[in-house]
Protein chains: 2
Amino acid sequence: MSTLSQSHSAGGQPAVTLADIARHCGLSKGSVSRALSMTVEECPLSEATWKRVREVAAEMGYRVNAQARALASGRSMAIGLIYNDTLPQLDSVYYQMIEVFSATLRERGYQLALVAIDEQGQWEDVLLGGRVDGCVCLHRLPPRIEAAMPRLQRPVVLLNGISESASGAISIDDHGGAVQATEHLLALGHRRILMLADANGKTPHASFNLRKEGFLKAVQDAGDAEGLFIDGDTDAFSKAWDAFDQAPTAVVCYSHLEAVGALRVLRRAAVDVPGDVSVVTFNDVFPVAQLAPALTCMAVPSAEIGRRGAEMLLEMLDQGVDPERLPGQVELPLSLITRESTGPVAR
Amino acid sequence: MSTLSQSHSAGGQPAVTLADIARHCGLSKGSVSRALSMTVEECPLSEATWKRVREVAAEMGYRVNAQARALASGRSMAIGLIYNDTLPQLDSVYYQMIEVFSATLRERGYQLALVAIDEQGQWEDVLLGGRVDGCVCLHRLPPRIEAAMPRLQRPVVLLNGISESASGAISIDDHGGAVQATEHLLALGHRRILMLADANGKTPHASFNLRKEGFLKAVQDAGDAEGLFIDGDTDAFSKAWDAFDQAPTAVVCYSHLEAVGALRVLRRAAVDVPGDVSVVTFNDVFPVAQLAPALTCMAVPSAEIGRRGAEMLLEMLDQGVDPERLPGQVELPLSLITRESTGPVAR
DNA sequence: CTTCTTAAAACAACCGTTTGCCATGCGGTA
DNA sequence: TACCGCATGGCAAACGGTTGTTTTAAGAAG
């Protein structure tokens with residue numbers, strides 16, 4: 001009974017393996033593996049053995065080697081979080097989504113791995129090299145991922161976006177949300193309403209057009225109201241505002257980013273919110289509720305998106321990806337949170 | 001020559017392996033492995049063979065299996081990002097840090113894995129199960145990690161914090177930063193200055209006390225100035241402000257969170273910034289520069305922290321963790337960015 | 001006293017790479 | 001001609017688990 005397997009890492013103990021426990025218990029590796037990875041009911045070993053193995057394992061400080069298990073079982077128990085933009089460019093909206101998504105998966109033993117779409121194509125190795133069992137994308141499916149979908153045999157869910165290619169996707173009712181936001185203003189008597197959205201010069205996301213259309217539709221349906229849409233940044237908004245001979249009495253902002261900018265412009269123009277102008281924005285994130293005035297907003301159900309997305313992915317992970325029976329697209333509603341920035345139109 | 005190894009995943013092709021390429025090239029697995037993982041110079045194979053293997057590999061769409069490589073080589077090429085709080089609670093300051101940290105590591109082939117300190121102790125399996133080659137923590141080393149350091153044989157760096165236990169740490173000069181912020185106000189003639197910091201009822205982070213002390217010291221050194229320190233939230237600040245018979249003329253905020261709150265209180269009290277009161281804050285993140293007025297601030301060098309932290313970790317990953325020669329603590333300076341929220345004291 | 005059944009555990013192949021060491025063969029030198 | 005060295009590449013043992021297929025032995029049934 002020689003003491004095999006000594007030292008292979010730089011310093012420290014050589015890490016306890018199944019073989020060590022097996023030797024210690026007088027069992028085979030296979031039996032130890034079963035004792036440790038199965039519940040007592042499903043385990044073909046005697047209850048006494050099952051318990052003893054677990055006791056010894058705990059005592060020896062055994063930790064299953066993730067790589068070995070992944071290699072043998074074919075599942076890495078990791079999910080790739082694919083992001084195209086840089087992390088800091090993401091909104092808090094997304095962080096909350098990711099957190100809940102990740103927590104839901106963690107309950108089932110999955111870890112989240114950050115995968116940036118880099119130029120060197122490292123992401124391909126990660127995705128195609130079996131490092132992850134599935135993926136999640138935000139906002140939109142990057143073109144390269146879309147192109148890689150056939151090769152990539154794993155499920156991909158999209159959070160807060162619409163996609164044909166993804167295995168599943170959770171989106172929000174942007175059109176309806178915009179309608180609701182606008183109707184809120186209309187109900188307060190506003191008849192000249194402006195919407196500010198900054199596509200940043202890039203091809204706008206689906207949400208952009210949906211919210212725009214929802215806004216315009218609501219205004220049009222009112223019959224006697226006028227709607228203006230500005231695609232531009234704070235400066236564009238500022239210039240437009242100065243040029244009005246009759247300024248709008250209400251502003252709808254595409255996101256908290258536009259809202260903060262708009263508030264700044266209005267303040268400089270000595271416009272009181274909501275006294276002179278009402279403001280409503282999308283996204284209930286910092287600092288929307290902390291500003292003076294606290295902003296009325298359409299809240300995106302980030303947590304719900306994350307949870308539903310995770311559940312969708314888990315189901316495909318369990319059932320396997322059946323091209324016939326994909327979960328498809330789920331749409332969630334937005335909700336209006338009324339705060340201080342909207343009020344009746346001034347007469 | 002039978003066609004072995006067919007089907008093991010749900011659907012799709014069985015993924016190309018080294019053996020496939022070897023068979024195709026009439027070489028051994030070992031040679032193929034060498035050709036693919038070494039540069040042509042260090043590879044003991046002929047240049048012709050080296051090239052042919054790579055061509056065939058590319059043609060067959062080969063991707064190295066991360067698990068197998070990790071198991072065989074003993075390195076997972078993954079770094080664990082350990083977080084104790086939930087992701088959305090982190091500031092943008094941290095996201096920028098993480099982004100640069102992650103990008104720097106990615107250049108060297110490392111991936112980032114999210115590791116939440118959960119109650120079920122899953123994090124232990126991840127950290128001790130060889131899933132990561134090293135770790136990074138933010139702000140402070142969670143107690144459980146600190147306790148697990150001896151077992152965990154891998155390097156751990158701390159970003160934006162101070163620690164004896166971590167293998168290495170990058171911190172910022174909070175004391176000096178607070179002094180600088182305060183001196184900026186003193187130079188503008190302010191003599192009644194208030195600092196607002198919200199420890200949130202929890203044991204404050206080292207930064208909290210350092211900034212507080214820096215503030216108090218600067219005020220005291222001025223000789224003829226008065227400094228007030230409030231540990232509380234927006235409400236506490238609001239109440240305190242109402243109670244003043246002679247209000248301060250300047251406010252230093254511990255972070256952008258306090259700053260947004262303070263601005264709100266001041267606005268409601270009809271106090272003009274910077275006309276009546278100057279405001280300076282820490283953290284140059286959204287929406288600090290987008291507010292009206294844009295806030296003067298002490299910028300935390302997030303990107304630099306991320307980069308230095310990654311370099312520190314990479315070195316230990318390369319050299320191995322020598323308990324004698326740890327990189328230790330590196331301290332980075334903060335920088336003052338003057339914007340619209342600070343001005344000369346009103347006479 | 002066989003034989004059949006079955007619970008309990010052993011066996012061994014395999015997952016896909018890495019890597020130390022050995023075999024081969026060719027060219028050059030003494 | 002005999003020998004040495006080197007450039008190439010093959011061989012096979014890890015790495016640490018998982019899992020389908022025996023084996024073993026004990027108890028029940030005939």
Side-chain angles (χ1 to χ4, degrees), chain A residues 4-9 13-23 25-38 40-53 57 60 62-77 125 128-131 133, chain B residues 4-9 13-23 25-38 40-53 57 60-77 109 125 128-131 133:
Chain A
L4 300 170
S5 80
Q6 299 213 347
S7 75
H8 43 86
S9 249
Q13 300 76 356
V16 183
T17 72
L18 277 190
D20 297 328
I21 299 179
R23 206 176 307 126
C25 292
L27 289 170
S28 69
K29 287 197 308 178
S31 297
V32 174
S33 171
R34 290 191 161 91
L36 290 176
S37 57
M38 305 170 116
V40 67
E41 290 87 20
E42 58 193 17
C43 183
L45 305 179
S46 74
E47 189 174 335
T49 307
W50 185 87
K51 285 185 65 178
R52 188 161 49 93
V53 169
M60 298 177 75
Y62 172 79
R63 301 285 164 183
V64 58
N65 180 305
Q67 335 289 346
R69 166 172 284 183
L71 179 57
S73 68
R75 331 195 66 205
S76 68
M77 296 307 281
D125 295 331
L128 302 173
R131 195 153 184 147
D133 295 335
Chain B
L4 300 170
S5 81
Q6 298 215 345
S7 75
H8 43 86
S9 248
Q13 299 78 355
V16 182
T17 73
L18 277 190
D20 296 329
I21 300 179
R23 207 175 305 126
C25 292
L27 288 171
S28 70
K29 289 194 305 178
S31 297
V32 174
S33 171
R34 289 192 163 91
L36 291 176
S37 58
M38 304 171 117
V40 67
E41 290 86 22
E42 57 192 19
C43 183
L45 305 178
S46 74
E47 189 173 334
T49 307
W50 185 87
K51 285 185 63 178
R52 188 162 48 93
V53 169
M60 297 178 74
Y62 172 78
R63 301 285 163 182
V64 58
N65 181 305
Q67 335 289 345
R69 167 172 283 183
L71 179 58
S73 69
R75 333 196 66 205
S76 67
M77 297 307 280
D125 295 330
L128 302 173
R131 197 154 183 146
D133 295 334

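We name chains A, B, ... by the order of the sequence lines, and we start the count at 1 in each one. These numbers were taken from a predicted model, which means no experiment stands behind them.
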Between CG of A/L36 and C1' of D/dG16 the distance, given in whole Å, is 13 Å
| message | Is there a side-chain contact between A/S31 and the phosphate of C/dA10, meaning an N or O under 4.0 Å from OP1 or OP2? | response | yes
For a quick check of understanding: with a heavy-atom distance under 4.0 Å over all strands, which category does A/G129 fall into, base, sugar-phosphate or nothing?
nothing
Return yes if some donor-acceptor pair links the side-chain N/O of B/R52 with the main-chain N/O of B/C25 below 3.5 Å, else return no. yes
Within residues 65-75 of chain B, those residues having any heavy atom closer than 4.0 Å to DNA chain D are B/L71, B/A72
Determine whether any donor atom in the side chain of A/R34 lies under 3.5 Å from an acceptor atom in the base of D/dG20, or the reverse, and answer yes or no. yes
Closer than 4.0 Å, any side-chain N/O of B/T49 to the OP1 or OP2 of D/dG9?
yes
Rounded to whole Å, the CG-P distance (B/D125 to D/dG16) equals 17 Å
A/L45 atom CG is separated from D/dT19 atom P, nearest whole Å, by 14 Å
- Message: Using only atom types and a distance under 3.5 Å, with no angle test, would you say the side chain of A/S76 pairs donor to acceptor with the backbone of A/R131?
- Response: yes
Separation of C/dA7 atom C1' from A/E41 atom CD, nearest Å, is 17 Å
note: A/Y62, atom OH; D/dG16, atom C1'; distance rounded to Å ~ 7 Å
Ignoring backbone atoms, test whether B/S33 places a side-chain nitrogen or oxygen under 4.0 Å from the OP1 or OP2 oxygen of C/dT18. yes
To the nearest angstrom, the CG-P distance between B/L18 and C/dT19 comes to 12 Å
Heavy-atom nearest pair, A/D125 first then B/R63, reads OD1-NH1, 2.8 Å
For a 4.5 angstrom cut-off between non-hydrogen side-chain atoms, does A/L36 reach A/V64? no
Heavy atoms of B/T17 and B/Y62 approach each other most closely as C-CE1, 3.8 Å
Practice item. Examine D/dG16: is either OP1 or OP2 under 4.0 Å from a nitrogen or oxygen in the side chain of A/T17? Give yes or no. Key: no
Heavy-atom nearest pair, A/Q67 first then B/L71, reads CB-N, 4.1 Å
Does atom CD of A/E42 have more than 12 heavy-atom neighbours from other groups under 6.0 Å away?
yes
Does B/R69 offer a backbone N or O that forms a donor-acceptor pair with the side chain of B/S73 under 3.5 Å?
yes
Contacts of A/S46 and A/K29 projected onto DNA chain C by closest heavy atom; the upstream (5') one is A/S46
Counting C-beta onward and ignoring hydrogens, is there a side-chain heavy-atom pair between A/D20 and A/R23 closer than 4.5 Å?
yes
Double-helix bend of the helix from C/dC1-D/dG30 to C/dA30-D/dT1, axes at both ends from 5 pairs, round to 10°, gives 70°
Whole-Å distance, B/M38 CE to D/dG9 P, equals 14 Å
Whole-Å distance, B/R131 CZ to D/dC15 P, equals 21 Å
Check your understanding: Any donor and acceptor pair, going by atom type alone, linking the side chain of A/S33 with main-chain N or O of A/K29 inside 3.5 Å?
Key -> no
